[in-house]
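Okay, so here's the structure we're looking at.
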Amino acid sequence: MNYHFKHALLNESEHFNSEIKASSEEEKTVRLNVYRNNIYVSLIDALADIFPVTQMLVGEDFFRAMAREFISQNPPKNPVISEYGDDFSNFLRHFEPVQSLPYLADLAALERSLLMLTNSPECNTLEHHEVSAAFEATTNPGDLLLGLSPCCQIITSNFAIGSIYQAHKIDSQKSINNLPINNNEHLLLSKIGIYGTFYLINEDELGFFNALLQGKTLENAVPDSEHFDLGATLAKLIEWKLLTHVTEITV
């Protein structure tokens, strides 16, 4: 019975009407629509909370209409409403009315990832003095293994989704017309404090962070580039509190 009730609510079906006590079919439909509307409003509000920048870009009215279409095609799989919307970015990739905004799906995926990081467990990271002590204790820094927080993720997009996100977070009225939207961007995501956040990184830093995530030593992780500044990059890792351990490999 619960399955048929949920199916009727989310698919606008009248198959459940026979289970509803009322004096007429019209009254049954009205009663069911009250529940249906409450469910849709709750789910649309949840999506608006999860994807605030996406909503800002398309406008509230359009977003809510789009969200309703998404809900009808993708009903919740679990009761945790704050984690709803895992298929939203994929939905946007194929939703015809937003194809003029090709970056929208990647932006929604970024917002979703930040939410999941915010909901993830916190982990302990090293302070500056602890990192300095580890480097001072070794005779060969190249043999050091730098462990990054398990919260770390790297996202690469063909569009400037990080810049778009930051612009709208800083000033919701700011136009993105002057942003290089079609420039690809690399983002390093992690959880800082209690919130998921991200940093824009360049091509060399991308290679370096990927190598660290693969467990390579410092010597093997440093990219072969004259533009890469190891000291500045390590300072970022310390400032961003992303290092969980610095250990030296033993033969």
Side-chain angles (χ1 to χ4, degrees), residues 44 46-71 73-74 83-120 148-149 151-192 195-214 223 225 227-228 233 236-237 240 242:
I44 291 171
L47 290 173
D49 288 340
I50 296 168
F51 304 100
V53 180
T54 301
Q55 176 176 259
M56 206 178 297
L57 285 168
V58 300
E60 182 179 355
D61 291 342
F62 183 88
F63 181 89
R64 296 187 75 83
M66 179 172 66
R68 188 177 185 90
E69 181 68 21
F70 169 76
I71 293 165
Q73 297 180 27
N74 301 270
E83 295 183 0
Y84 182 51
D86 56 327
D87 296 323
F88 192 59
S89 61
N90 188 54
F91 167 82
L92 294 178
R93 295 187 198 284
H94 303 94
F95 190 55
E96 187 62 32
V98 297
Q99 294 311 296
S100 61
L101 304 174
Y103 54 83
L104 200 63
D106 282 3
L107 178 66
L110 170 60
E111 293 197 272
R112 168 75 181 176
S113 295
L114 293 174
L115 170 72
M116 299 311 293
L117 282 172
T118 297
N119 292 341
S120 68
L148 297 184
S149 165
C151 294
C152 283
Q153 304 173 20
I154 292 177
I155 291 180
T156 294
S157 173
N158 291 327
F159 306 99
I161 59 171
S163 297
I164 294 170
Y165 182 95
Q166 290 175 339
H168 284 79
K169 278 296 186 181
I170 294 172
D171 183 354
S172 63
Q173 302 301 315
K174 183 174 181 179
S175 171
I176 65 171
N177 292 336
N178 296 323
L179 290 175
I181 294 174
N182 291 319
N183 284 5
N184 73 311
E185 285 188 344
H186 308 298
L187 284 64
L188 178 65
L189 282 65
S190 189
K191 181 172 185 174
I192 308 299
Y195 296 109
T197 190
F198 71 88
Y199 304 96
L200 295 173
I201 58 176
N202 60 40
E203 198 77 27
D204 289 336
E205 292 170 337
L206 171 70
F208 180 66
F209 295 143
N210 269 326
L212 294 182
L213 288 170
Q214 293 167 12
S225 170
H227 303 294
F228 181 72
T233 305
K236 289 180 180 179
L237 288 177
W240 297 342
L242 299 182

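Just so it is clear, the model here is predicted, and its values are computed rather than measured. By convention here, the first residue in the shown sequence is residue 1.
Within the 4.5 Å cutoff, side-chain heavy atoms of Leu110 are placed close to those of Leu189. Looking at Leu237 and Leu212, their side chains come closer than 4.5 Å, going by heavy atoms from C-beta outward. The shortest distance between side-chain heavy atoms of Leu92 and Met66 falls below 4.5 Å. The shortest side-chain heavy-atom distance between Arg112 and Ser89 does not fall under the 4.5 Å cut-off. Side-chain contact check for Thr233 versus Asp204: every heavy-atom pair is 4.5 Å or farther apart. Here the side chains of Tyr199 and Lys236 are not in contact, with every heavy-atom distance at 4.5 Å or above. Here the side chains of Ser113 and Gln153 are in contact, with some heavy-atom distance below 4.5 Å. Counting heavy atoms from C-beta outward, Leu188 and Leu242 have side chains that approach closer than 4.5 Å.
Evaluation of the side-chain hydrogen bond (donor to acceptor under 3.5 Å, both in side chains) rule for Glu203 yields His186 as partners, not counting sequence neighbours. Annotation: side-chain contact (heavy atoms from CB on, under 4.5 Å) contacts of Ala65 (sequence neighbours excluded): none. Applying the side-chain hydrogen bond (donor to acceptor under 3.5 Å, both in side chains) criterion to Asp106, with sequence neighbours excluded, gives Arg93, Ser157. Every residue two or more places apart in sequence or in another chain that forms a ring pair (Phe, Tyr, Trp, His ring centres under 6.0 Å) with Phe51 is listed here: Phe88. Evaluation of the salt bridge (Lys or Arg N to Asp or Glu O under 4.0 Å) rule for Glu111 yields no partner, not counting sequence neighbours. Taking Phe62 as the reference, nothing meets the ring pair (Phe, Tyr, Trp, His ring centres under 6.0 Å) condition, with sequence neighbours excluded.
Relative orientation of the Tyr165 and Phe198 rings is perpendicular, given thresholds of 30° and 60° on the angle between their planes.
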